[in-house]
2 protein chains.
Amino acid sequence: MTYNHPKLLVAIDCLVFGYDIKENNLKVLLFQRKVDPFAGSWSLIGDFVNEDENLSDGAKRVLEKFTGLKNVFLEQLATYGKADRDPGGRVVSILYWSLIKLDDLHRDIANEHGAKWFDLNKLPELVLDHQDMITLGARQLIQNAKTRPIGFELLAEEFTLPQLKQLYDAIYGKIIDDRNFRKKILSTDLLIKTEKKDKSTSKKGAFVYRFDAEKYDYLRNQGYHLDLNV
Amino acid sequence: MTYNHPKLLVAIDCLVFGYDIKENNLKVLLFQRKVDPFAGSWSLIGDFVNEDENLSDGAKRVLEKFTGLKNVFLEQLATYGKADRDPGGRVVSILYWSLIKLDDLHRDIANEHGAKWFDLNKLPELVLDHQDMITLGARQLIQNAKTRPIGFELLAEEFTLPQLKQLYDAIYGKIIDDRNFRKKILSTDLLIKTEKKDKSTSKKGAFVYRFDAEKYDYLRNQGYHLDLNV
DNA sequence: GTTTTAAACGTAAATTTAACGTTTATAAAA
DNA sequence: TTTTATAAACGTTAAATTTACGTTTAAAAC
């Protein structure tokens, strides 16, 4: 070791958003801390970083442990480093945020780890500064929804326009005009319309779409900037 | 100590942007590393975090040491944590970015610490992942310039509209239409026009303005969102 | 006075946004 | 076999904003 300086505990906390298409609301994955102080309190999922582990790999490890998921939206958000933020010791925590498609399977996996999905709007009291983290993440979610195609991370591969609109209603916390929403999203030309119709919510049925991620990535590299501010 | 987990070195790196109103370009403060590995290479200003020091206080300490400045724009930007990012040892580095008003005084203070201001577009080779940090910060600067009143952090308290426009030209990397820029910035009603004129660049002279930070903060709390996308 | 020119002010077409109204496809009821 | 009901799909228009320019003005220098 070349450097001679104080070393600190470094942790990852992972703010996982899920969208419940049946209940039409956003959820956050929490678990009950197993270690003191505050054992039993609700907290974001997380763990300490290993000596030889990249931060991003630590985040992936935490996420997979609690959800069984790999290769989903997972980005770094912020780092919390007040010296006294954790009475258990000096811990610097790097917050990641993740977006996943909620289904019954993930509920089960979460349950196995003492984790549970909570409505974003009905959260229990949280340990340490984790409520701040969620507040920040919720802001980030809204902000990013306007400028990046993150909505598709929260829905299944195939979705209808009414479903997509409902999701954005939930994210923005307001009822978007469906005609204007449809116009805006279709004008991007980033949705692929399939032949299929989903008749689960109407007699007429709603056409099923897919997001053209490849086209988006290409355009993004050309300097394109998505705008879903409706 | 309650927790029993690996501890890591934690550092602060500080990306300081300055605007040179005479040269009309953006500059970045760099210094020559004093410690091995890579002693003598150019790097962002930075230091290791102390055991009992808040991260934000560490950032303030670093910034003041190299610029003599307190109470300037200083925000956390991202954290770099690849296990092998520094051959000298496992170091997690939290990147902060800062905006300051460049003047001769700061050049002198910087010099005393072996630091120097470089054109953002003419940077030397940088140590470790510091070039990535600057790339990220430059993107953040452009992005934030569109949605937050950060331009005023880079100019003196009092400035003219032509000066302000030149700054945004430099940030956006393009020539903005001066008539549209004037319209947009004045329509926010966040500039206070003084009686003074600056005649250093024209016979007619340009009126001197001040940014109404108090009004902005108030509006911001009311949900107002600045838009300087020209 | 006249000239010069950065600064300040103005305008109009094109585009985008916002707020609505109308038509259509289909299952279920009459 | 029509009729009805309604979510989904499509359309319209006024208002606001953006974009791309042209014009006037203030003051020093000639």
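Lettering follows sequence order; numbering is per chain, from 1.
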Handout entry: Separation of C:dA7 C1' from B:I185 CD1 (nearest whole Å)
Key = 16 Å
Practice task
Among the candidates D:dA8, D:dC10, C:dT11, find the nucleotide nearest to the side-chain atoms of A:R179.
Solution key: D:dC10
Practice task
Using atom NZ of B:K204 as one end and atom P of D:dA27 as the other, report the distance to the nearest whole Å.
Solution key: 8 Å
Handout entry: Rounded interatomic separation in angstrom, taking CZ from A:F181 and P from C:dT17
Key = 14 Å
Fill in the blank from the handout: Taken to the nearest whole Å, NZ/A:K197 to C1'/C:dT26 is 8 Å
Handout entry: Atom-to-atom span, NZ of A:K196 to P of C:dA25 - whole angstrom
Key = 21 Å
Exercise for the section: Tell me which of B:D177 and B:P162 sits closer to the 5' end of DNA chain C, going by the nucleotide each one is nearest to. Expected result: B:P162
Problem - Pair of N/O donor and acceptor under 3.5 Å linking C:dT17 base with A:K183 side chain - result: no
Problem - Candidate nucleotides C:dA8, C:dC20, C:dT26, ranked by approach to the side chain of A:K199 - the nearest - result: C:dT26
Exercise for the section: Consider only side-chain N and O atoms of A:S200 and A:D198, and report whether a donor and an acceptor are under 3.5 Å apart. Expected result: yes
Practice task
Indicate whether any N or O donor in one side chain lies under 3.5 Å from an N or O acceptor in the other, for A:D20 and A:N25.
Solution key: no
Practice task
Could you tell me whether B:D227 contacts a base, only the sugar-phosphate backbone, or nothing, with contacts defined as non-hydrogen atoms closer than 4.0 Å?
Solution key: sugar-phosphate
Practice task
With the side chain of B:T201 defined as its heavy atoms from C-beta on, choose the nearest nucleotide among D:dC10, C:dA6, D:dA27.
Solution key: C:dA6
Exercise for the section: In whole angstrom, give the distance that lies between atom CD1 of A:I175 and atom P of C:dA19. Expected result: 14 Å
Practice task
In whole angstrom, give the distance that lies between atom CD of A:Q163 and atom C1' of D:dA7.
Solution key: 13 Å
Fill in the blank from the handout: When A:K184 and A:K203 are each assigned the nearest nucleotide of DNA chain C, the 5'-most assignment goes to A:K184
Problem - Whether A:K101 side chain and A:L155 backbone form a donor-acceptor pair below 3.5 Å - result: yes
Practice task
Figure out the CG/P separation between A:N180 and C:dT15, and round it to whole Å.
Solution key: 19 Å
Problem - Backbone of A:L63 reached by a side-chain donor or acceptor of A:K70 within 3.5 Å - result: no
Handout entry: Closest non-hydrogen atom pair, A:V230 against A:N180
Key = CG1-O, 4.3 Å
